[in-house]
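Encoded as structure tokens, the structure appears first; notes follow it.
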Protein chains: 2
Amino acid sequence: MSRNKSYDENAVLERAMIVFWINGYEATSVRLLEKEMGINQFSIYSSFTSKKKLFIESIRRYREHVKQNVYQTLLREDAGMKELEQYLYKAARKKKKPGLSRGCLVVNTAAELVSSDEEIAAEVNGYFIFIREMLRKVLQTAVDKGEIAPDTDVEKQSAFFLGVMQGLSVASKTTDTGQLNDFVSVALKQIK
Amino acid sequence: MSRNKSYDENAVLERAMIVFWINGYEATSVRLLEKEMGINQFSIYSSFTSKKKLFIESIRRYREHVKQNVYQTLLREDAGMKELEQYLYKAARKKKKPGLSRGCLVVNTAAELVSSDEEIAAEVNGYFIFIREMLRKVLQTAVDKGEIAPDTDVEKQSAFFLGVMQGLSVASKTTDTGQLNDFVSVALKQIK
DNA sequence: CCTGTTTCTAAGCAACTGATTAGATATCAG
DNA sequence: CTGATATCTAATCAGTTGCTTAGAAACAGG
């Protein structure tokens, strides 16, 4: 019975996520969203209830996005120091060409909204916990493999590298690759 | 000749800076500004031309603010590792009580606006250069004092600690003090 | 006191904000 | 095909956005 949706909710959510990623929450209007998602406001609201809920769904979607496109290697069971090192240097190399250093959606959100919205703050927090958990596993694997000292404090080091990644995301907005490489190299040297 | 201004431009700018600091640029309306600055829109525009220019002035004002209230110790000629250490642990201890972890205005701005506004990006960049210059001096003093190894790469280390500070600003929004302390302790240990 | 200039108040501007709605359109069970 | 239901289009809602302006009020020089 009844009519079918003419769009794929998953696909339009991916589009929405990218728009929020580029512009931030406040600077993204529902008009812009309907244009970029390719559906009109009625459909947006009927599928996602409100702009804020769409944004929260976008953050969750972002997590899946980076799992598959950014952290796919680090998430492998056998990922250790080599993979972490590769990831960090790659992140430092991110081109910040005119207008396009969007950084990390969640870091941007932390800066923009965490102090004013608890629901979003919880979402952001969950994301960072996920990243840290990933780092814990990677570091533990590195210990098991003998790549780093057996008495390495994985708890402390995972907190450290999470902080480094957050710093990298901010720094990459204005800083050149050389300086970012210095940052990363010092961060890595202390554990080797 | 003519009437006198009934407000101090310096004082109202300080108020404006704090409002932007708490809410961010987009989420701060001119109505809110006139309420918090204690003057009406006519006066805001006659003194600061536009919301954006007022914001840029606020960033400059923020720099003076932190020079006098946050980095005053680190900016002293003789500041070395002890002062850097003290500052970082203090930053890690920043209470993020309900609604009030505003972090650093410039880091927040980097996340919110750097990708969309070049003029603001330049302002943000200038601020980070200033912080790094401060770190360079502190680290060089630490070398001269013999607090850290004489062959310390001050360039790399200043880039590193700038990144650490940026990460700390983001992390402090959602992360508890214990984890922030771990982050800071690892960052400091590698140089000692 | 006047006169000229500036600052102030408060109303108003068009454009945009997130969100809703009425009516047209499509779809499927029967 | 018919009828019920869901989805679409497009207009519209009240409220807010950054910014401007006309006229009242305050001040200084003469």
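The figures that follow rest on heavy atoms only: side chains count, while hydrogens, waters and symmetry mates do not. All chains are named by letter (A, B, ...) in the order of the sequence lines, taking the proteins before the strands, and each is independently numbered beginning at 1.
Contact annotation: Ser43(B) side-chain N/O to dT7(C) OP1/OP2 distance is not under 4.0 Å. OP1 or OP2 of dC8(D) sits under 4.0 Å from a side-chain N or O of Ser6(A). The side chain of Ser29(A) contributes no N or O atom lying less than 4.0 Å from OP1 or OP2 of dC16(C). Regarding contacts with the backbone of dC8(C), every side-chain N or O of Asn40(B) stays at 4.0 angstrom or more from both OP1 and OP2.
Following rounding to the nearest Å, Ile44(A) (CD1) and dT20(C) (C1') show an atom-to-atom distance of 14 Å. For Glu34(A) and dC16(C), the CD to P distance is 13 Å, given to the nearest whole Å. Taking atom OH of Tyr45(A) as the reference point, atom C1' of dA10(D) lies 16 Å away to the nearest angstrom. We find that CG of Leu32(B) is positioned 13 Å from C1' of dT17(D), with the value rounded to whole Å. In this entry the distance linking NZ of Lys5(B) with C1' of dT5(C) reads 13 Å, nearest Å. The distance between atom CZ of Arg31(B) and atom C1' of dG18(D), rounded to the nearest whole Å, is 7 Å. Taking atom NZ of residue Lys53(B) and atom C1' of nucleotide dG18(D), one finds them 15 Å apart after rounding to whole Å. The nearest whole Å value for the distance from the CD atom in Gln41(A) to the P atom in dA10(D) is 13 Å.
Between the side chains of Tyr127(A) and Thr109(A), no donor N or O sits under 3.5 Å from an acceptor N or O.
In terms of modelled atom types and a separation under 3.5 Å, the side chain of Glu112(B) and the main chain of Tyr25(B) share a donor-acceptor contact.
Out of dT7(D), dT20(C), dC8(C), the shortest distance to the side chain of Phe42(B) is found at dC8(C). Ranking dT9(D), dC8(C), dC28(C) by closeness to the Asn4(A) side chain, first place goes to dC28(C). Looking at the side chain of Val30(B), the nearest of the listed nucleotides dG18(D), dC8(D), dC8(C) is dG18(D).
When heavy atoms are screened at a 4.0 angstrom cut-off, Thr28(B) is found touching the sugar-phosphate backbone but no base atom. Counting non-hydrogen atoms under 4.0 angstrom, Tyr7(B) reaches the backbone sugars and phosphates but no base.
Side chain Arg3(A) to base dT5(D): no donor-acceptor pair is found below 3.5 Å.
Contact of the Thr28(B) side chain with the Phe55(B) side chain is not registered, since no non-hydrogen atoms from C-beta on lie closer than 4.5 Å.
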